Amino acid sequence: MDSQVSPVLEKDRIISLDIMRGFAILGIFLVNMLSFHSPFLYIDPFEWWDSPADKAAYAFIDIFVQASFYPLFSMLFGYGLVILRERALAKSLWFGGMAARRFSLLLLIGIIHAFLLWHGDILINYAIFGFIFLLFVKMNGRNMLMTGILLYMIPNLLFALLLFATVLFVPADELSIYDPQAALASLQAYQKGSFSEVTAQRIEDWSGVNNLASLPIMLASIFPLFLIGGGAAKLRWLEETEKNRGFLRKIMLVSLAAGLLLKLLPYLLESNLVLDYVQDTFGGPLLAIAYGLGIALMIKSGKVPGILLPLSYVGKLSLSNYLFQSIISTFIFYSYGLGFYGKVSAFWGILLVIIIFAFQILASRFWAARYYYGPVEWLWRSFTYLKIPKWKRKE
């Protein structure tokens, strides 16, 4: 077996990265479940689900989960790319070619996922923005980190100001993002439609979120997080957490306090487009930073909490687990499966996530004990290196 593609040794893995990825996959599933079982793109959740249990369940997701776990995963994506580049350079491999193949396959997987499985795919965006990341990958850690922060803050503050001006001069009823007719069309297609009708609805839903008008917002809200994560990797924040413990602890506490305050704004004040935007765009990533640093600091203290360790199994197979969640959820809810779309509430959706994710932990642990990579990760790695890596562990 070629040493260039030998599997990453367990001692070389950064366990906090695997735990964070597993944690992110759980959070992403909690948010995605709302769209798996209901026309979440088009509804007012507090009117659609009116029981106290459902309102509390949605508020929990909205405050602690929504817009915090994709940012966490985005930062981890950038962190992982920098580590991949460092390992490639150490082996005298051409990182540019490897990365181009890696992002190309990710783009293909994302297209299949978005148009044949579920409209909420994020892989297409990750692949496209990954190519842009290559223009910045040679920057030093401090500059990459600061560039990411500036690219995030400046455009998003401008977007917030534009929204503020819009709210001041446009009547509230004309700014509603809810669409009862579109929600009804989604219910009819996903609950009772043929596969072709479901696919047509899926493409329409995807296009409503991913289009030229939304591209600047998508670019400003995802790509800079790659740079922030990549800068943290170059500064070796996870590998040298003890060295920077005091500094990182301060960032974690400030991010946690500020993130919670911003996430609570629509509940403390009268909700509007500006507060909702600030809640997700600024509060979400701040909580993501607090979650990530909290995990890193706990692990580097030498005591890995028992509740966190199982997340590492899911994190090692993060891409396979992300796609599995779409497969099992669309089977449960769509018409060509069990047809439960529109029949599950926010509260019961959380319980379903817990059940499925518990299965993923057990299945991932079983798989990781026998194989170096998940099935999709193995394919991805093979295409990245243009060599078939060792897959099965020795008995």
Side-chain angles (χ1 to χ4, degrees), residues 1-26 28-29 73 76-113 116-117 121-124 126-127 130 233 238 308-328 331 356-395:
M1 178 60 62
D2 195 314
S3 63
Q4 291 181 334
V5 291
S6 58
V8 177
L9 297 176
E10 294 301 320
K11 66 181 179 63
D12 293 330
R13 293 193 71 96
I14 304 173
I15 189 171
S16 54
L17 272 181
D18 287 330
I19 290 175
M20 286 182 209
R21 288 191 185 106
F23 188 51
I25 289 295
L26 171 59
I28 288 169
F29 196 17
F73 206 80
L76 293 173
F77 191 81
Y79 205 107
L81 285 175
V82 166
I83 291 176
L84 178 67
R85 179 176 181 268
E86 290 176 351
R87 288 173 177 165
L89 294 178
K91 298 174 182 178
S92 300
L93 299 177
W94 181 39
F95 175 71
M98 288 170 47
R101 291 191 295 273
R102 192 173 183 84
F103 298 144
S104 297
L105 182 57
L106 189 65
L107 179 61
L108 177 60
I109 294 172
I111 291 171
I112 294 170
H113 180 230
L116 295 181
L117 273 174
D121 170 78
I122 196 65
L123 302 180
I124 293 175
Y126 275 32
L238 295 187
L308 292 182
L309 190 58
L311 296 173
S312 68
Y313 306 130
V314 176
K316 289 178 182 178
L317 285 66
S318 56
L319 183 53
S320 294
N321 277 309
Y322 171 72
L323 295 172
F324 174 80
Q325 289 170 356
S326 294
I327 293 170
I328 189 65
F331 173 76
I356 295 174
F357 195 78
F359 168 78
Q360 287 188 283
I361 289 175
L362 295 174
S364 297
R365 182 177 184 180
F366 176 87
W367 187 279
R370 290 159 178 78
Y371 301 94
Y372 287 109
Y373 313 106
V376 183
E377 286 80 5
W378 179 84
L379 175 64
W380 200 20
R381 186 178 178 87
S382 298
F383 193 74
T384 297
Y385 288 93
L386 293 181
K387 291 180 182 290
I388 298 178
K390 185 177 180 181
W391 191 18
K392 193 170 184 179
R393 298 179 186 274
K394 294 180 180 180
E395 296 293 341

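Being a predicted model, the structure only gives us computed values, none of them experimental. Scope of the values below: all heavy atoms of this structure, side chains included, with no hydrogens, waters or symmetry mates.
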S.K.: Would a distance-only check, ignoring hydrogens and angles, find a side-chain to backbone donor-acceptor pair under 3.5 Å from Tyr322 to Ile28?
M.R.: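 Here the side-chain-to-backbone pair does not exist.
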
S.K.: Quick check for you: to the nearest 0.5 Å, what is the distance between Ser318 atom OG and Ile25 atom CD1?
M.R.: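 Interatomic distance, Ser318 OG to Ile25 CD1, rounded to 0.5 Å: 5.5 Å.
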
S.K.: Roughly how far apart are Leu311 CG and Met20 CE, rounded to 0.5 Å?
M.R.: 11.5 Å

S.K.: Quick one: does any side-chain atom of Trp94 pair with a main-chain N or O of Ala88 as donor and acceptor, under 3.5 Å?
M.R.: no

S.K.: Heavy-atom count around Arg101 CZ within 6.0 Å, excluding the residue itself: above 12?
M.R.: yes

S.K.: Give a yes or no answer on whether the side chain of Ser312 reaches the backbone of Asp18 with a donor-acceptor pair at less than 3.5 Å.
M.R.: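 Flag not set: sc Ser312 to bb Asp18 has no pair under 3.5 Å.
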
S.K.: Looking at Phe29 versus Phe357, is the centre-to-centre ring distance below 6.0 Å?
M.R.: no

S.K.: For Phe95, enumerate each residue passing the ring-ring contact (aromatic ring centres under 6.0 Å, His included) test, keeping only those at least two apart in sequence or located in another chain.
M.R.: none

S.K.: Minimum heavy-atom separation for Arg393 and Ala368, please, with both atom names.
M.R.: NE-O, 2.7 Å

S.K.: Using 0.5 Å steps for rounding, measure from the CG atom of Leu117 to the CD1 atom of Ile112.
M.R.: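 Atom-to-atom, Leu117:CG and Ile112:CD1 are 9.0 Å apart.
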
S.K.: Any side-chain heavy-atom pair from Leu323 and Leu123 closer than 4.5 angstrom?
M.R.: yes

S.K.: Once ring-ring contact (aromatic ring centres under 6.0 Å, His included) is applied, do any residues pair with Trp378, and if so which ones, sequence neighbours excluded?
M.R.: Trp391

S.K.: Measuring from atom CG of Asn321 to atom CD1 of Ile361, what distance do you get when rounded to the nearest 0.5 angstrom?
M.R.: 9.5 Å

S.K.: Quick check: does any side chain N or O of Tyr372 sit under 3.5 Å from a backbone N or O of Pro389, one acting as donor and the other as acceptor?
M.R.: no

S.K.: Measuring from Arg381:CZ to Leu319:CG, what's the distance to the nearest 0.5 Å?
M.R.: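 It is 14.0 Å, given to the nearest 0.5 Å.
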
